[in-house]
Amino acid sequence: MKFITSAGALVLSSALLAQAHSAPLQEQDKLEPVVEQASSINQSARQSQLTIDQISDNMQERLQQYKRIMKEIDGLKVYTAQLEQQINNQQQEKQDINDSIDKVSYVERQITPLMLRMIDSLESFVELDVPFLEAERNERLAQLNDLMERANVDVSEKFRRVMEAYQIEADYGRNIEAYTAEHEINGQQQDVTFLRIGRVALIYKTRDGQHLGIWSQQERKWQELDSKHLPAVEEAIRIARKQLAPDMLMMPVFANKAVINTAAGQ
């Protein structure tokens with residue numbers, strides 16, 4: 001069985017129409033049904049061609065849509081693979097964080113006793129050290145002890161404060177300072193100016209300059225200092241208060257339980 005396509009139907013109907021027009025009049029009457037049928041076939045063929053064209057356009061559109069979807073799928077595969085890698089990395093980070101949290105808990109249990117021992121050591125050090133700024137240093141130690149008992153302060157902050165106290169004590173050994181405080185002289189409290197040169201020398205001077213004293217760390221007591229050292233002490237006090245530019249000074253210090261002069265600069 002053979003099928004006539006829309007294009008073939010158009011050719012056939014055109015041939016029939018041409019033949020009908022060229023035939024005699026009597027034959028034309030006989031051919032009119034054929035012509036009408038041919039016209040109907042031609043109309044149907046045109047309609048079929050339009051349908052075919054629509055189907056073809058639809059198929060092309062579906063093909064382009066399919067290609068776009070496949071590209072999107074390929075992109076989603078790459079994106080999904082990247083997300084899976086990120087998820088795996090996050091899982092590893094999560095595990096590392098959990099391990100770190102466990103370690104932090106262990107460190108917290110160990111660091112608190114360490115800080116308490118550090119504060120005890122610092123208290124002993126201050127007690128045995130040269131007696132300068134005693135009220136200030138003891139107050140700092142009291143604040144540390146109070147801080148250790150507070151539950152609303154993080155361990156990290158407590159440790160920072162302890163290390164800060166150690167740093168302050170270390171700095172005392174590297175600078176020069178002059179400050180005013182009360183000091184007992186011959187059984188009487190007097191306002192004096194203390195001069196501290198690191199931890200090498202601690203000297204006091206009364207306001208009138210009549211009394212000078214130096215701390216003997218070996219004997220753990222104050223000793224009278226000869227008034228000949230007054231000009232050097234006064235100059236050192238002015239340098240410590242930044243009233244004079246730093247300069248080399250000859251200052252008294254203890255060596256083998258005797259006071260000697262030595263050079264000091266700031």
Side-chain angles (χ1 to χ4, degrees), residues 118-148 157-158 160-266:
M118 291 175 69
I119 294 173
D120 290 341
S121 297
L122 195 58
E123 287 178 341
S124 299
F125 176 80
V126 171
E127 183 179 354
L128 297 174
D129 195 21
V130 178
F132 61 88
L133 298 175
E134 293 178 287
E136 176 182 321
R137 297 165 79 188
N138 288 329
E139 176 64 21
R140 187 180 301 114
L141 290 170
Q143 290 177 357
L144 287 178
N145 284 316
D146 178 67
L147 184 69
M148 294 301 297
E157 175 61 17
K158 293 178 181 179
R160 186 192 69 80
R161 293 283 296 276
V162 172
M163 294 305 299
E164 182 182 58
Y166 267 79
Q167 184 61 52
I168 292 173
E169 289 293 333
D171 290 341
Y172 285 145
R174 296 192 293 265
N175 56 28
I176 180 173
E177 179 182 23
Y179 62 94
T180 301
E182 288 189 348
H183 181 64
E184 184 178 339
I185 301 176
N186 298 327
Q188 294 182 350
Q189 292 289 334
Q190 297 188 36
D191 288 335
V192 300
T193 299
F194 285 98
L195 171 66
R196 178 184 58 80
I197 303 174
R199 284 187 167 85
V200 176
L202 180 62
I203 301 170
Y204 72 81
K205 176 187 81 71
T206 58
R207 287 186 176 183
D208 56 12
Q210 295 297 317
H211 295 279
L212 291 177
I214 186 170
W215 174 259
S216 172
Q217 183 66 5
Q218 292 86 357
E219 299 182 7
R220 303 282 311 167
K221 66 178 183 179
W222 291 95
Q223 292 188 6
E224 287 288 333
L225 194 61
D226 195 285
S227 59
K228 68 180 181 180
H229 298 293
L230 180 60
V233 171
E234 289 180 337
E235 185 177 357
I237 290 173
R238 296 181 65 188
I239 291 175
R241 290 176 172 172
K242 303 186 185 308
Q243 296 172 349
L244 287 178
D247 197 2
M248 189 70 68
L249 297 171
M250 297 299 296
M251 299 300 299
V253 296
F254 275 97
N256 297 326
K257 297 184 180 182
V259 178
I260 62 172
N261 285 336
T262 186
Q266 172 68 11

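Hydrogens, waters and symmetry mates play no part in the numbers below; they use all other heavy atoms, side chains included. Quantities reported herein were computed from a predicted structural model and do not represent experimental measurements.
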Do R196 side-chain atoms and Y172 backbone N/O form a donor-acceptor pair below 3.5 Å?
-> yes
Mind listing the closest non-hydrogen atom pair of P252 and L225 along with its distance?
-> CG-CD2, 3.7 Å
For the pair D129 (side chain) and F125 (backbone), establish whether a donor and an acceptor sit closer than 3.5 Å, ignoring hydrogens and angles.
-> no
Which is it for M251 and V233 under the side chain to side chain contact (heavy atoms under 4.5 Å, CB included) test, yes or no, and what are the steps along the way?
-> CA-CA 7 Å; M251 299 300 299; V233 171; 4.1 Å; yes
R140 CZ to I119 CD1 distance, which is reported to the nearest 0.5 Å | 12.5 Å
Look up atom CD in E127 and atom CG in L141, then write down how far apart they are to the nearest 0.5 Å.
-> 10.5 Å
Do N145 and E123 pass the side chain to side chain contact (heavy atoms under 4.5 Å, CB included) test, and can you show the C-alpha distance, the side-chain angles, and the key distance before you say yes or no?
-> CA-CA 10 Å; N145 284 316; E123 287 178 341; 2.7 Å; yes
CG of L244 to CG of L249, rounded to nearest 0.5 Å, is 9.0 Å
For R220 and L128 the tightest heavy-atom approach is NH1-O, 2.7 Å
Determine, stepwise, if the pair R238 / E234 fulfils salt bridge (Lys or Arg N to Asp or Glu O under 4.0 Å).
-> CA-CA 6 Å; R238 296 181 65 188; E234 289 180 337; over 6 Å; no
Beyond-backbone contact of Q190 with R207, side-chain heavy atoms, under 4.5 angstrom | no
When rounded to the nearest 0.5 angstrom, what distance separates CD1 in I185 from CD in E182?
-> 11.0 Å
Do you know the tightest heavy-atom contact between A236 and I176?
-> O-CD1, 4.1 Å
Separation between CD of E157 and CG of L147, rounded to the nearest 0.5 Å = 7.0 Å
Exam field: side chain Y204 to backbone W222, donor-acceptor pair closer than 3.5 Å = no
Looking only at non-hydrogen atoms, find the nearest pair between F194 and H183 and report the distance.
-> CZ-CB, 3.8 Å
Give a yes or no answer on whether the side chain of Q243 reaches the backbone of E235 with a donor-acceptor pair at less than 3.5 Å.
-> no
Got I168 and E136 here, is their nearest side-chain heavy-atom distance under 4.5 Å?
-> no
Under 4.5 Å between any side-chain heavy atoms of L195 and I197, yes or no?
-> yes
So does E184 have more than 12 non-hydrogen atoms from other groups sitting under 6.0 Å from CD?
-> yes
Which atom of V130 lies closest to which atom of W215, heavy atoms considered = CG1-CD1, 3.9 Å
Rounded distance [0.5 Å steps], CG in L122 versus CE in M118 | 8.5 Å
Cation-pi between R199 and F132: NZ/CZ under 6.0 Å from ring centre and within 45° of the ring axis?
-> no
For K205 against G209, the heavy-atom pair lying closest together | CG-CA, 4.2 Å
